[in-house]
Amino acid sequence: MAELGVNVDHVATVRQARRAAEPDPVWAAALAELGGADGITVHLREDRRHIQDRDVQVLRETTRVKLNLEMACVDEIAELACRLRPQQVTLVPEKREEITTEGGLDVAGQPGTVTDYVRKLQDAGIVVSLFIDAEASQIEAAAETGAEAVELHTGQYGEAVDPAAQEAELVKLSSAGRLVRQAELVLHAGHGLNYQNVCPVASIEGMCELNIGHSIVARAVMVGMQQAVREMKDLITR
Ligand code: PXP
């Protein structure tokens, strides 16, 4: 059964809108845990637009479930990760002007660089996952790096409006999931998943972890974090 990683970046985005102390993503993480989250995910971006170094540090000290740090292949953040040692790092691509992560990490295009970061993080005792598009070439390249897991990018599935397009994206994800399992990598997925579209992805054979942020925080604004997480967890485990 897939585990739920709750991404609390958007809580930090609201805080940073006023450069204030609240709302605190650390409090949101605690409430997410109470709602049944199996993990807490944060993306420490180079420009520090939402999550701050302090957040990662305090979450590392207080989170009782798995802490998954999303980061780009950048030395400064890798050093911080090796010092704080979250249980898992997910390597993602990062462009300064993007609103959110666009597309998967091009592992096939830069295998040497990615492998160096995978090794450095693993040497610090961190499990490494690579956020990639659902393509055979990227899965093969990911396996070559020695990473333990891959997170399949579900953004196109999430954006598909008509049922036929959504089904086509789901077929692509399921086939990629099979290749991931054949490569003996742990299967994760995330991006653009919500209360309406999560169930078919959670049902893909071998799915171990789903990372979900926007839809949960959006619902939490209306009903509270604990309930929003509980509702998502119910859908995934159904
Ligand atoms: N997985 C990765 C690698 C991401 O970069 C993000 C967005 O920060 C998510 C999952 C969560 O995406 P969403 O906010 O659309 O649920």
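Atoms within a ligand are numbered from 1 in the order they appear, just like the ligands themselves. This is a predicted model, so every value here is computed, not measured.
- One side chain, Asp106 or Gln138, offers a donor N or O that lies under 3.5 Å from an acceptor on the other.
- What sits closest to atom 5 (O) of ligand 1 on the protein, heavy atoms only, is Thr101 OG1, 2.9 Å.
- Heavy-atom proximity to Gly213, at under 4.0 Å, picks out these atoms of ligand 1: 11 (C), 13 (P), 14 (O), 16 (O).
- Counting only heavy atoms of the protein, atom 15 (O) of ligand 1 lies nearest to Gly192 N, 2.8 Å.
- For atom 4 (C) of ligand 1, the closest non-hydrogen atom of the protein is Glu70 OE2, 3.3 Å.
- Residues His10 and His50 place their aromatic rings such that the two centres sit no closer than 6.0 Å.
- Partner of Ile236 under the side-chain contact (heavy atoms from CB on, under 4.5 Å) criterion, out of Val198, Leu193, Val201: Val198 alone.
- Residue, atom and distance of the protein heavy atom nearest to atom 14 (O) of ligand 1 are His214 N, 2.9 Å.
- At a heavy-atom distance under 4.0 Å, no atom of His153 approaches ligand 1.
- Annotation: atom 8 (O) of ligand 1 to nearest protein heavy atom, Asn7 ND2, 3.4 Å.
- Environment of CZ in Arg119: sparse, with no more than 12 heavy atoms of neighbouring residues, nucleotides or ligands closer than 6.0 Å.
- Atom 1 (N) of ligand 1 has its closest protein heavy atom at Glu151 OE2, 2.5 Å.
- Checking only distances, Phe131 never comes within under 3.5 Å of ligand 1, N or O to N or O.
- Note that the NZ atom of Lys172 and the NE2 atom of His153 stand 11.5 Å from one another [nearest 0.5 Å].
- With hydrogens left out, the protein atom closest to atom 6 (C) of ligand 1 is His191 CD2, 3.6 Å, a heavy atom.
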